[in-house]
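First up is the structure itself, then whatever we jot down about it.
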Amino acid sequence: MENKSKAPKYEHAKIESKWQKVWAKNKTYETKEGGKKPKAYVLDMFPYPSGDGLHVGHPKGYIATDIYSRFKRMNGFNVLHPMGWDAFGLPAENYAIKNKINPEIAVKKNIKYFKSQVEKIGFDYDWSREVNTTDPGFYKWTQWIFLQLYKKGLAFESSEPINWCPSCKTGLANEDLENGKCERCGSEVEKKPIRQWVLKITDYAERLLSDLEALNWPESIKESQRNWIGKSEGSEISFPVKTKYKYVLLHGWKSDSKSCFIPWLKRELEAEGHEVVALDMPHPLIPDVVEQADYVLSKVKFDENTILLGHSLGSVVSYRILEKLKTPIHKLILVAGLIEPKFRDHDRLMAKYLMSWKFDFEKIKKNVGEIVIIEDNNDVIIPDGESAVIQRALGGLTYRLEAEKPHFCGMVEPIVLEHCLDKIKVFTTRADTLFGATYLVVAPEHPLIERLSPQITNIKEVQAYVAKTIKRTEIERTAEGKEKTGIEILGLTAINPTNGQEIPIWVADYVLPDYGTGAIMAVPAHDERDHQFAKKFKLPIIQVIGEDLPTRLENWGGAYAGYGKLVNSGKFTGMESVKAKEAITKMVRGKIVTKYKLRDWVFSRQRYWGEPIPIIHCPKCGPVPVPEKDLPVILPKVKSYEPTGTGESPLAAISKWVNVKCPTCGEKAKRETNTMPQWAGSSWYYLRYIDPKNTKALIDKKKEKYWSPVDMYVGGTEHATRHLIYARFWHKFLFDIGAVSQTEPFTQLKNQGMILGSDNRKMSKRWGNVVNPDDIVRDYGADTLRVYEMFMGPFEQGASWSSDNLMGARRFVEKVWRLAGKVSTGRSHVLGGPDKRLETLLHKTIKQATTDINNFNYNTVVSALMILANEWEKAETINKEDWLTFLKLLAPLAPHMTEELWSSLGQKGSIHLAAWPVWDESKLISDTVSLVIQINGKTRETIIIPTNLSEKEAVKMALDNDIVKKWVGVEPLKKIIYIPNRLLNLVI
RNA sequence: GCCUAGGUGGCGGAAUUGGUAUACGCUACAGACUUAAAAUCUGUCGCCCGUAAGGGAUUGAGGGUUCGACUCCCUCCCUAGGCACCA
């Protein structure tokens, strides 16, 4: 009682503001470079400074890193523990629009409020390194990284249809969707083709996946990323399409219809049922291509089902033919074709002087549906790269490969035949079931439908189905339990390459256009979806797996998707699935390939509040990167920053900013007006803390090498497949260009569990269950808040707020405050004298606090400290050295109070710079231990024995015990299990 | 459907990794102090039988390994999260 009155009252507000000022003045937590200390980079995911401010859930992670960083500092580490603001992006912008404040002003205001909230909790941040993604000095380097990506071809423009949020009025990345809805506002997204910038994150898919293995991250986050990347290994297999065409084959200079591959190709195509015309053209030695073209036109009628093939000079004849046609033909195939009078071996004077090389490219393009250009890598006549020259003039697809004989002069040229025939390429992970592929299905978006439309007899119905399905949103298309729809494409059939079977081709929207090849082989016996589809449309189902299955196909409810031995599979019958995959792929000349579900990162937003993309569009030079010396491209101040919804950002309206001179040619040009997504700045901000003031380079190499990577990264799980994938991607890219020294940015990651409201619901204004940390700090103190949040339960688990439990933490803090009154210079006493038990307990507590803080098991640290405090409360006096040790253990958790008690005992310097206590292993052992005695594995008695007693003596002591005697009786001991200092089990 | 993490008193949760299950805290109840209340302090507090001494069952369910299982193995149920018509 006397001690109680001696101690001054615990006034948290006074103590906390006092020490916060002292720490700031003394720069207690400023990180200094160099020295011989090992480093520890401890990092929080930096917040959006939203208008609402923080609720008590936000600081949970910050408290955890704060404890960890203080602990590391006291253990002799050079600690980097910074904080900053992720202030670009939709939340900040929407807040600004809603409140009619310029985003720049709104963000400044919000940051000020956030910072005041954070500072009250007493974190050890080095504020001299504070970063803000909207600061031009910061986003200069965000733009710089974009330019490096652009230079390496990893940033490109595309007009593919992307996810468009009609409410946020901007394009979105795949990662920004939640069940097909905009993650921010919940609107259903539409597919809209708008021009946008895309980052080629898919180039890094394999590394992003395989490097996960070595990371010390929660398994669930790694699993999310694995799911998101979605790797699957399978085969690409081509199915020939059976069509009816008229082929016109034109031979080259000095040849005729009997030379090279022409006769062979004619036979092969005729065998497939096509009509083939191979003409001998007039004057093969000194040709006049105009005359030859007229000759061909007089002999052959060209229409939409004609395929024209020109070999060598025949290609030039084909241009002249196409110039003169009234209606387009289906396809033009150029084999070793040419478009200019250049030759590898010698000049051909007739080609140079007797012929014109001017062509009407527009007319030619108009008169042909599809162009294929095949170049021989070992050609001796046509110059290297001629296919690219032709492609520039005419478009089409080019293939550079090795012919059987140079210049495609072989009698047999299978590659030429392959390009003459139409094919559907499918991706499958189950090549072993290929014999059971009874039909093909293509996505409604598949180019084949358009390309082969003249051959499709029910084209009207097919087009109607396509039009209907393409309009549907992603959710409608993939809605669970949805009946499968589709329509057969009549007039076309495909050939199963294993057995030559003719199979139908369907179009159905259960096949997705942007995964695999946009077409599948359907194996209804062994794929649930195909099974449903086949049942509905009465398509054949053939079992090819399961020779050894107990039940037959008819008895299965649906498809059997497992592995097994093959049946009905020709020479592969009896083979195991796994082996058959490779063997069958090989037989049909398929390719083993790897596919990923990860899509490229749609990187532009048609919004105001983001980093401008540093590109200038010049009518002459195309897109030109802004020279690095001109960075940053400053986001201009505007009056109206509301989204336009037109696919253009509000920046497009600022002509003063938009109109610039092309950096390459100096002519009039326009700035890119799209901005970057909110994830841009956060993809590299952790590097900026290392070197926050650098204006010359992204980061100083020496500093980067010292501090990278982040040793402990803490944040919420919601960033699993966005921030954490994007940042890893950028980091790997920066590693590839030599800007950083590590391949991964964050070696260890912890997720804090969410703090829910006292009603078990997510804290939100909507439920009125939000608790503001300012109120808790004011009424109970920051130290109490910190201790409470750490004591709530395991760090990675969620828990709901409870004011009762908060009081428990407050009581503990006050108890510690009161204990200070018992401190004396003698040994810790209980009534009657010094107590060795308390010494043992102290050392146990040091050990537990040390290992538990290292593992983020803060709830058990608090409990251990409580146990010691409870014991001391029963003691008369507390030894001063023991007390100081205890304060140090508590210091990371309750920094203000411990600092106050530390200094009140006359200690020099901050407790937070003191050395962490070390436990003495020998002091952990007490003189006596309680030994558990079990009879047949059941606990019956506990006896106190001297430490390290031998088995013999322990058994003797146990058998002396009355209760043990009662249980053992006269039975002989069958077996004795003795665990020294712990347990004795007597089996009778 | 596939994958991942979980399931322990009235509640939040501990358990030295196979060795006394329920530490620590909250709640509740009783007592002390007080004119009274709050605060504080002290004590009791998982379940069933029993006045008690004592005994029995018990870590989502069932089975197994073991002298001994919250902990390891198998089957199943439930909760949370990720992916999902991805061929």
Side-chain angles (χ1 to χ4, degrees), chain A residues 1 4 179 218-232 234-235 426-430 433 437 441 477-482 484 508-512 514-523 526-530 532-533 561 595-599 717-718 720-721 751 753-754 787-788 791-794 796-800 802-809 811-812 814-815 818 844 847-848 851 857 859-867 869-870 873 924 930-942 963 974-979 981-988:
Chain A
M1 287 304 112
K4 219 178 188 178
N179 304 320
E219 196 49 44
S220 60
I221 298 280
K222 291 210 242 181
E223 195 54 30
S224 292
Q225 294 210 350
R226 281 186 207 113
N227 282 338
W228 192 256
I229 295 165
K231 178 179 180 171
S232 51
S235 312
V426 305
F427 173 69
T428 178
T429 56
R430 294 300 302 271
T433 64
V441 191
R477 235 173 112 159
T478 60
E480 212 182 326
K482 190 178 76 77
K484 289 201 172 21
D509 69 354
Y510 82 92
V511 176
L512 305 174
D514 49 7
Y515 183 77
T517 59
I520 60 153
M521 61 177 219
V523 187
H526 304 290
D527 181 282
E528 197 46 54
R529 296 151 301 177
D530 297 341
Q532 278 174 30
F533 193 81
K595 298 276 179 203
Y596 301 90
K597 286 198 265 180
L598 183 72
R599 295 278 86 103
T717 49
E718 67 274 16
T721 53
N751 294 122
M754 214 190 313
V787 168
Y788 168 56
F791 190 55
M792 283 177 101
E796 307 217 325
Q797 245 175 60
S800 40
S802 148
S803 351
D804 283 336
N805 289 348
L806 174 71
M807 274 312 300
R811 277 198 277 268
F812 168 65
E814 285 181 10
K815 185 181 280 182
R818 265 186 279 118
K844 268 189 181 163
K847 185 178 180 180
Q848 187 173 359
T851 48
N857 293 329
N859 54 333
T860 51
V861 178
V862 175
S863 123
L865 295 173
M866 281 174 170
I867 291 170
N870 289 347
E873 207 174 26
L924 293 177
S930 63
L931 183 77
V932 171
I933 298 170
Q934 297 185 333
I935 314 293
N936 288 346
K938 293 228 176 221
T939 303
R940 294 300 176 190
E941 178 64 327
T942 311
I963 293 172
K974 253 195 203 158
K975 197 171 178 185
I976 296 165
I977 291 115
Y978 181 60
I979 314 288
N981 301 328
R982 206 158 273 170
L983 169 136
L984 176 69
N985 189 5
L986 304 173
V987 186
I988 53 173

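Here is the naming used below: chain letters follow the sequence lines, and residue numbers restart at 1 for every chain. What you are looking at is a predicted structure, and each value in this text was computed from that prediction instead of being measured.
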Original post:
Quick one: salt bridge (charged side-chain N to carboxylate O under 4.0 Å, His left out) partners of A/R226, sequence neighbours excluded?
Top reply: A/E219, A/E223
Which pairs, protein N/O on one side and nucleotides 27-31 of chain B N/O on the other, fall under 3.5 Å?
none

Original post:
Which listed nucleotide (B/A87, B/G25, B/A23) is nearest to the side chain of A/N870?
Top reply: B/G25
Original post:
Do the side-chain N or O atoms of A/R818 get closer than 4.0 angstrom to the phosphate oxygens (OP1, OP2) of B/U40?
Top reply: no
Original post:
So, is A/Y515 close to the B/A87 phosphate, meaning a side-chain N or O under 4.0 Å from OP1 or OP2?
Top reply: yes
Subject >> Contact letters for nucleotides 6-17 of chain B, in which S counts primed atoms plus P, OP1 and OP2 and B counts the base, heavy atoms under 4.0 Å >> reply: ------BSS-B-
**OP:** Would you classify A/Q934 as touching base, sugar-phosphate or nothing, given that sugar-phosphate means primed atoms plus P, OP1 and OP2, and contacts are heavy atoms under 4.0 Å?
**Re:** base
**OP:** Go through B/G19, B/G56, B/A87 for me and flag the one nearest to the A/R940 side chain.
**Re:** B/G56
Subject >> Residues which pass side chain to side chain contact (heavy atoms under 4.5 Å, CB included) with A/N936, listed by chain and number, not counting sequence neighbours >> reply: A/V987, A/I988
Original post:
Rounding to a whole Å, what distance do you find between A/R599:CZ and B/A84:C1'?
Top reply: 14 Å
Distances under 3.5 Å only, N/O to N/O: pair up the protein atoms with those of nucleotides 42-45 of chain B.
none

Original post:
How far, in whole Å, is B/C2 from B/U16 if one measures between their C1' atoms?
Top reply: 37 Å
Original post:
Mind checking what makes side chain to side chain contact (heavy atoms under 4.5 Å, CB included) contact with A/F791, not counting sequence neighbours?
Top reply: A/V862, A/S863, A/M866
**OP:** State which residues pass salt bridge (charged side-chain N to carboxylate O under 4.0 Å, His left out) with A/K222; sequence neighbours excluded, sorted by chain then number.
**Re:** none
Original post:
For the side chain of A/T429, counting heavy atoms from C-beta on, which of B/A87, B/A84, B/A21 is nearest?
Top reply: B/A87
Enumerate all atom pairs, one protein N or O and one N or O from nucleotides 79-82 of chain B, separated by less than 3.5 Å.
unit_1	atom_1	unit_2	atom_2	d
B/G82	O2'	A/S224	OG	3.3
B/G82	N2	A/N227	ND2	3.4
B/G82	N3	A/N227	ND2	3.3

Original post:
Mind checking what makes salt bridge (charged side-chain N to carboxylate O under 4.0 Å, His left out) contact with A/E941, not counting sequence neighbours?
Top reply: none
Original post:
Checking all strands, does A/G516 fall into the base, sugar-phosphate, or nothing category for heavy-atom contacts under 4.0 angstrom?
Top reply: nothing
Original post:
Which nucleotide in the list B/A23, B/A87, B/C85 gets nearest to the side chain of A/Y510?
Top reply: B/C85
**OP:** For A/D530, enumerate each residue passing the side chain to side chain contact (heavy atoms under 4.5 Å, CB included) test, keeping only those at least two apart in sequence or located in another chain.
**Re:** A/Y439, A/Y510, A/I520, A/A522, A/P524, A/D527
**OP:** Would you mind telling me which of B/A21, B/C67, B/C85 lies closest to the side-chain atoms of A/T939?
**Re:** B/A21
Subject >> Sequence-distant partners of A/K847, salt bridge (charged side-chain N to carboxylate O under 4.0 Å, His left out), two or more places apart >> reply: A/E921
Subject >> Residues which pass side chain to side chain contact (heavy atoms under 4.5 Å, CB included) with A/T942, listed by chain and number, not counting sequence neighbours >> reply: A/S930
